[in-house]
2 protein chains.
Amino acid sequence: MGGGGGKDGGGGMAAQAGRLGVVASVAFNLAALAFYLRRRYFGGDDAAAARKKAEAEVPPSSGKPPVTKDSIINLDHGDPMMYEAFWRGGAGERATIVIPGWQTMSYFSDVGSLCWFLEPGLEREVRRLHRLVGNAVADGYHVLVGTGSTQLFQAALYALSPPGPSAPMNVVSPAPYYSSYPAVTDFLKSGLYRWAGDAKMFDGDTYVELVCSPSNPDGGIREAVLKSGDGVAVHDLAYYWPQYTPITSAAAHDIMLFTVSKCTGHAGTRLGWALVKDRAVAQKMSKFIELNTIGVSKDSQLRAAKILKAITDGYDRAAGAAAAGDDDDDSSGRLFHFARRKMVSRWAKLRAAVAASGIFTLPDELPGHCTFANETVSAYPPFAWLRCGKEGVDDLEGYLRERKIISRGGGKFGADGRVVRISMLDTDEAFAIFVDRLAAMN
Amino acid sequence: MGGGGGKDGGGGMAAQAGRLGVVASVAFNLAALAFYLRRRYFGGDDAAAARKKAEAEVPPSSGKPPVTKDSIINLDHGDPMMYEAFWRGGAGERATIVIPGWQTMSYFSDVGSLCWFLEPGLEREVRRLHRLVGNAVADGYHVLVGTGSTQLFQAALYALSPPGPSAPMNVVSPAPYYSSYPAVTDFLKSGLYRWAGDAKMFDGDTYVELVCSPSNPDGGIREAVLKSGDGVAVHDLAYYWPQYTPITSAAAHDIMLFTVSKCTGHAGTRLGWALVKDRAVAQKMSKFIELNTIGVSKDSQLRAAKILKAITDGYDRAAGAAAAGDDDDDSSGRLFHFARRKMVSRWAKLRAAVAASGIFTLPDELPGHCTFANETVSAYPPFAWLRCGKEGVDDLEGYLRERKIISRGGGKFGADGRVVRISMLDTDEAFAIFVDRLAAMN
């Protein structure tokens, strides 16, 4: 219009009209511009939204303090801090959760369902993730949620123990077994079940066998060793994920336990799930969780659902990009690719350090065809089962402690003192200092 | 500038320059306007921020389905849905929490502390809330966190039971006692402790007495009835909050249990805390939670901290406004005022319905001076302990069930069948239908 005002070479009515129009137009445009600038630079909706978000974020606890060259390095627990870098990236943004003050106040998630405290959104994402990874059959199974898989393990013991005044059920697992199994089984001196030790030494007929595969502590692939009598097996599949081991088939056992701690790295969320075939067993396991903690935190369930969704969505996006021919190897949104790369490089460093030292040995690498990666890959367990051959070192845990490395001694796993379990999932900094110190021992 | 272009009456260089300037200016302004409009209406930062927030919110589960005039009304559990209206208001906005994907991944909150899985921010807000309300002494006490107070109750039994192979510790509580105490004490047939029934009937020397005050189910104020021998008391103060009972003094017992469920209404968050005097007992209680669930969900802890902060901040703001002379009775930010108003009106409706019916009785109102409200107020318990005097009604729970009201029968509390416990904390809709039905019974 201003241009039109210029066209007739000035003067006359048209030009006047043009100029008036220009005045009006410019005035309006300047007002709009000023309004836009105020909003943009002096705090409009978006600045306010950012402020609100900042207020709503709660400063997290320090967790473990950062390490230095001279620190004691604590690799006793499998604290999965290795994963933080992934969740600080683009995927983490998509896993952010907002919980309004009024949400999930009820005890109940779905009054009608067998597991009345299970958030339907979490069940959906659990089934979706298993479909993606192919590590377990979820169709035809009941999904239960627990405060970590530790609670679900106790729920399974409760559900599988005979009612009435019979002798306690024997709980066994082939040595080396997860060090928590005996402690958690016996700490309340239950009359329903009792720890009965190494499954390979057991010859009774009534028992629950705990099958941890891949095995904590040694990473081995396990099957139930006891098949006799009225025995039942509980399969702890916390580590049956593609970053740790080839996914050779979809597991389909009666009771299978999983946890976000070792799948996504969110140990602090205390969230596990079970896939249970038998309805009556699933009901008794739910009953245990009702009596023990009246259900499971809904905040944790909503967050876990968001996290699992971010993982599966990441692979869907990558598949979409590949289909569109846009096939770069960007793994920023692919959790299992990120974690496997970390495990490969950490195990290479550890084996190099062990070779440099000369006094240690590790289990051999176990290769297999992974249906998820669709290639033959090695296992890279979340724990190193480290043995020392040095003369006079009968207490390897103590030997390492003197060298400021905290590990968990073989005795706690039903093994000897010349072997320890060491977490492979801590921060890059802690792991680097650990391998340096190990390489220098001889 | 367009105006300037007009000043010289058209023609000449000035006018030309003016017109060119106008063209440039208008072009620039239009571009800015277009840019602003695109951002404003076709998704700029603020629209994107809103979208992100929407994506980050997870649709909550239905909880319990809404009720209709003919519904079965379930008042068996103390599902605290009454509080949702408060958290949907202004205070709720301030209690919203955002948890980024990378936050609180570690098992550990504070490696050095006695309760290594307790978020320091939660401990801070717990102590701050007790200072505000004055219902318990927190200074000089260890703060422990649990997956609801139910887990802390079991932790206390574990911590107080003698080690070694002695007979199980006797667990008692004066009838009527909370129906979960016997079930939770005995469900694992622990060799450490066993339910021994009504404290008033107990005459041994070694025991743990559970003191629930105000009492679930009957709202009475309780003190330990057993003082003899080596007995220890655990004080369950879940209901010792000003909306339910006058705060007559700051409790200072050896072990005191609290939960957000009945304080703020967030039952689904499964978050409780304990104030414990003795360090060794606090350590053993922490050990129980470590063995049972390897700590407590950090997401729940961060959320609970945010919620408790919103409550205390609300009272600080109100105090500030009052000091500034701006003294309206707006309780939109004051949780205990909101909840007390609800309880007062619900109890008035219930007593009117009981009077209209003529076949029921309720405990008498217990007035007292509340140091928090700084006035004499009545108790308005979270449960109604409803007794029926009608000829032939020996199973009141069954009698009410036939009338589509689910309650919890006296037998489960160590009382007779002519009395039931009814939750006073459900939705307004469910409560209204309940009192209407009750008034019509005769």
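The structure displayed is predicted, hence computed values, not measured ones. Order of the sequence lines sets the chain letters (A, B, ...), proteins ahead of strands, with each chain counted from 1.
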### Query
Nearest 0.5 Å, what's the OH-CE distance between A/Tyr83 and B/Met105?
8.5 Å

### Task
Check whether A/Thr147 gets within reach of chain B through its side chain, its backbone, both or neither, counting any heavy atom under 4.5 Å.
both

### Task
Start with the C-alpha distance between B/Leu188 and A/Leu192, add both sets of side-chain angles, then the distance that settles side chain to side chain contact (heavy atoms under 4.5 Å, CB included), and finish with yes or no.
CA-CA 6 Å; B/Leu188 292 178; A/Leu192 297 177; 4.2 Å; yes

### Task
Using non-hydrogen atoms and a 4.5 Å limit, figure out which bit of A/Ser161 sits close to chain B: side chain, backbone, both or neither.
neither

### Query
Just checking, is any N or O donor in the side chain of B/Gln151 or A/Asn292 under 3.5 Å from an acceptor N or O on the other one?
no

### Message
Does the plane of the ring in A/His77 sit parallel, tilted or perpendicular to the ring in B/Trp116? Use 30° and 60° as the thresholds.
### Response
tilted

### Message
Please classify the contact of A/Phe153 with chain B as side chain, backbone, both or neither, using a heavy-atom distance under 4.5 Å.
### Response
neither

### Task
Take B/Tyr107 and A/Arg270 through the side chain to side chain contact (heavy atoms under 4.5 Å, CB included) test and state the conclusion after the steps.
CA-CA 8 Å; B/Tyr107 285 106; A/Arg270 310 307 314 124; 3.6 Å; yes

### Task
Could you tell me which of A/Thr269, A/Val260, A/Asn74, A/Leu271 has the largest number of non-hydrogen atom pairs under 4.5 Å with chain B?
A/Thr269

#### Entry: Contacting moiety of B/Tyr193, where chain A heavy atoms sit under 4.5 Å
side chain

### Task
Please say which of B/His266, B/Arg303, B/Lys298 ends up in a side-chain hydrogen bond (donor to acceptor under 3.5 Å, both in side chains) with A/Asp299.
B/Arg303

### Task
Scan side-chain atoms only and decide if B/Ser297 and A/Ser300 contain a donor-acceptor pair under the 3.5 Å cut-off.
yes

#### Entry: Any side-chain heavy-atom pair of A/Thr150 and B/Thr293 under 4.5 Å
no

### Message
Does any backbone or side-chain atom of A/Glu84 lie under 4.5 Å from a heavy atom of chain B? Answer side chain, backbone, both or neither.
### Response
both

### Query
Nearest heavy-atom pair of B/Ser106 and A/Met81: which atoms, and what distance?
CB-SD, 3.5 Å

### Task
Just do the side chain to side chain contact (heavy atoms under 4.5 Å, CB included) check on B/Thr96 and A/Ile99 with the steps written out, would you?
CA-CA 6 Å; B/Thr96 297; A/Ile99 309 179; over 6 Å; no

#### Entry: Interchain contact, B/Tyr158 with chain A, by part (heavy-atom threshold 4.5 Å)
side chain

### Task
Report the relative orientation of the aromatic rings in A/Phe288 and B/Phe187; use parallel for angles under 30°, tilted for 30 to 60°, perpendicular for over 60°.
tilted

### Task
Could you have a look at A/Ala95, A/Gly191, A/Ala267, A/Gly92 and say which one has the most heavy-atom pairs with chain B under 4.5 angstrom?
A/Ala267

